[in-house]
Amino acid sequence: MRSSSAPEPGPALSRRRSRPGSISAGIPGTPPSVKKTYRLGEASPEKESAKQKSDGAKFTVTPTKVETGTKDDMDNSGLKKDDEKDGAKIPVYVWSTLTHKSGKPMEVGDMDDDLVVRTDKGQRTRALIVIMGEAKWPNCPATDSSKQLNPGQSAEVCTAFLIPEGQKAAAVELTRGWYKEPLEWPVAS
């Protein structure tokens with residue numbers, strides 16, 4: 001015998017749980033929840049290319065190692081710096097495996113351009129792009145960003161980011177457009 005104060009299971013209760021935007025797993029018609037935090041070495045979900053040449057191709061990004069450089073690395077990089085204007089910076093090196101999963105061939109540079117480093121102070125920075133010349137980093141060779149990968153192929157790359165001196169890398173993030181939260185790989189201090 002049921003108590004009269006308990007709600008009756010049925011359509012009203014189900015309708016409440018399956019509202020648009022619900023991420024409850026196991027309820028028909030609702031999207032599964034998406035994992036947003038990963039361990040270094042753990043691959044992202046497949047991401048679809050939005051580039052014209054490789055439109056529709058799918059790939060994964062796997063950050064594997066993060067290392068903070070030194071002021072000496074910055075001084076010996078060959079980069080012209082303006083510490084008075086921008087403040088002193090130090091490099092952060094992120095090693096990643098980029099894996100082409102399916103679709104048209106893709107350039108390596110199209111796979112890692114959504115990576116961001118977030119610092120312990122909440123500042124986010126994109127990869128360093130050198131317009132004229134080349135920066136030299138110890139143990140972080142320049143990547144051939146125009147190298148083509150076909151489905152099933154992978155490339156190991158190192159990408160340099162510049163963060164304010166005195167801050168630490170807290171996480172590597174993979175942006176997913178304007179409306180979705182980024183995926184993140186926390187960095188152990």
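All of these numbers come straight from a predicted model, not from anything done at the bench. One-based numbering along the sequence shown.
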Asks: With side-chain contact (heavy atoms from CB on, under 4.5 Å) as the test, would you mind laying out the steps for Val61 and Leu115 before giving the verdict?
Replies: CA-CA 9 Å; Val61 177; Leu115 284 177; 4.0 Å; yes

Asks: Of the options Lys180, Lys47, Lys51, Arg124, which is the one that meets Asp114 in a salt bridge (charged side-chain N to carboxylate O under 4.0 Å, His left out)?
Replies: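 Looking at Lys180, Lys47, Lys51, Arg124, the match for Asp114 under the salt bridge (charged side-chain N to carboxylate O under 4.0 Å, His left out) is Lys47.
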
Asks: Using 0.5 Å steps for rounding, measure from the OG1 atom of Thr68 to the CD1 atom of Ile163.
Replies: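 The CD1 atom of Ile163 is 5.5 Å from OG1 of Thr68, to the nearest 0.5 Å.
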
Asks: Please assess His100 against Met111 for the test side-chain contact (heavy atoms from CB on, under 4.5 Å), listing each intermediate value before the final yes or no.
Replies: CA-CA 9 Å; His100 188 312; Met111 295 181 179; 3.7 Å; yes

Asks: Nearest 0.5 Å please: distance from the NZ atom of Lys101 over to the CZ atom of Phe59.
Replies: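 That separation rounds to 12.0 Å.
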
Asks: Between Ala127 and Thr159, what is the shortest heavy-atom contact and its length?
Replies: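 Scanning both residues, the minimum pair turns out to be CB-CG2, 3.4 Å.
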
Asks: Within a strict 4.5 Å, meaning less than it, do heavy atoms of the Pro138 and Asp72 side chains meet?
Replies: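 Heavy-atom side-chain distance check fails, nothing below 4.5 Å.
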
Asks: Where the side chain of Asp110 meets the backbone of Met106, is there a donor-acceptor pair that is under 3.5 Å apart?
Replies: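 Answer holds: no.
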
Asks: When you compare the side chain of Thr37 with that of Pro186, does any pair of heavy atoms fall below 4.5 Å?
Replies: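 Yes, side chains in contact.
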
Asks: Could you report the tightest heavy-atom contact between Pro182 and Glu173, atom names first, then the distance?
Replies: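 Here Pro182 and Glu173 meet closest at CG-OE1, 3.9 Å.
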
Asks: Taking atom CZ of Phe161 and atom CZ of Arg126, what is their separation to the nearest 0.5 Å?
Replies: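 CZ of Arg126 is found 9.0 Å from CZ of Phe161.
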
Asks: Please name the pair of heavy atoms, one in Arg176 and one in Glu181, separated by the smallest distance, quoted to 0.1 Å.
Replies: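 Closest pair (atom of Arg176, atom of Glu181, distance): NE-O, 2.7 Å.
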
Asks: For the CG atom of Leu174 and the CG atom of Asp113, what is their distance to the nearest 0.5 Å?
Replies: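 Here the rounded value is 9.5 Å.
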
Asks: Please identify each residue that fulfils ring pair (Phe, Tyr, Trp, His ring centres under 6.0 Å) with Trp137, with sequence neighbours left out.
Replies: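 For Trp137 the ring pair (Phe, Tyr, Trp, His ring centres under 6.0 Å) partners, ignoring immediate neighbours, are Tyr93.
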
Asks: Do Asp73 and Ile90 have side chains that approach each other closer than 4.5 Å (heavy atoms only, starting at C-beta)?
Replies: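 No - every pair of side-chain heavy atoms lies 4.5 Å or more apart.
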
Asks: Check whether the side chains of Ser54 and Ser49 place a donor and an acceptor atom closer than 3.5 Å, and report yes or no.
Replies: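 On atom types as modelled, these side chains qualify, holding a pair under 3.5 Å.
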
Asks: Taking atom types as modelled, is there a side-chain donor on Glu107 or Ser146 under 3.5 Å from an acceptor on the other?
Replies: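 Side chains of Glu107 and Ser146: no pair found under 3.5 Å.
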
Asks: For Val108 and Asp144, what are the C-alpha separation, side-chain angles and deciding distance, and is it a side-chain contact (heavy atoms from CB on, under 4.5 Å)?
Replies: CA-CA 7 Å; Val108 168; Asp144 178 5; over 6 Å; no

Asks: Measure the CG-NZ distance between Asp120 and Lys168 for me, rounded to the nearest 0.5 Å.
Replies: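 Nearest 0.5 Å value for the CG-NZ distance: 6.5 Å.
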
Asks: Under 4.5 Å between any side-chain heavy atoms of Ser77 and Lys136, yes or no?
Replies: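 A side-chain contact under 4.5 Å is absent here.
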
Asks: Kindly indicate whether the side chain of Leu162, heavy atoms from C-beta on, has any atom under 4.5 Å from the side chain of Thr125.
Replies: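 Not in contact.
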
Asks: What are the two closest heavy atoms between Ser154 and Thr99, and how far apart are they?
Replies: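 Closest pair (atom of Ser154, atom of Thr99, distance): OG-OG1, 3.0 Å.
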
Asks: Mind checking salt bridge (Lys or Arg N to Asp or Glu O under 4.0 Å) for Lys104 and listing every partner two or more places apart, or none if nothing turns up?
Replies: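 Partners of Lys104 under the salt bridge (Lys or Arg N to Asp or Glu O under 4.0 Å) test: none.
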
Asks: Could Arg118 and Glu184 be called an ion pair, given the rule that one side-chain N must be under 4.0 Å from one carboxylate O?
Replies: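 Salt bridge between Arg118 and Glu184, a charged N being under 4.0 Å from a carboxylate O: yes.
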
Asks: Please confirm whether the backbone N or O of Glu42 pairs with a side-chain atom of Trp185, one donor and one acceptor, at under 3.5 Å?
Replies: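 The answer is yes, because a donor-acceptor pair under 3.5 Å joins these two groups.
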
Asks: Is there a side-chain contact between Glu165 and Lys71, using heavy atoms and a 4.5 Å cut-off?
Replies: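 They are in contact (side-chain heavy atoms under 4.5 Å apart), so the answer is yes.
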
Asks: Within this structure, what is the CD-CG distance for the pair Gln153 and Leu98, rounded to the nearest 0.5 Å?
Replies: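 Output value for this atom pair is 12.5 Å.
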
Asks: Report the residues that fulfil side chain to side chain donor-acceptor pair (under 3.5 Å) with Thr119, sequence neighbours left out, ordered by chain and then residue number.
Replies: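 So Thr119 forms a side chain to side chain donor-acceptor pair (under 3.5 Å) with Gln167.
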
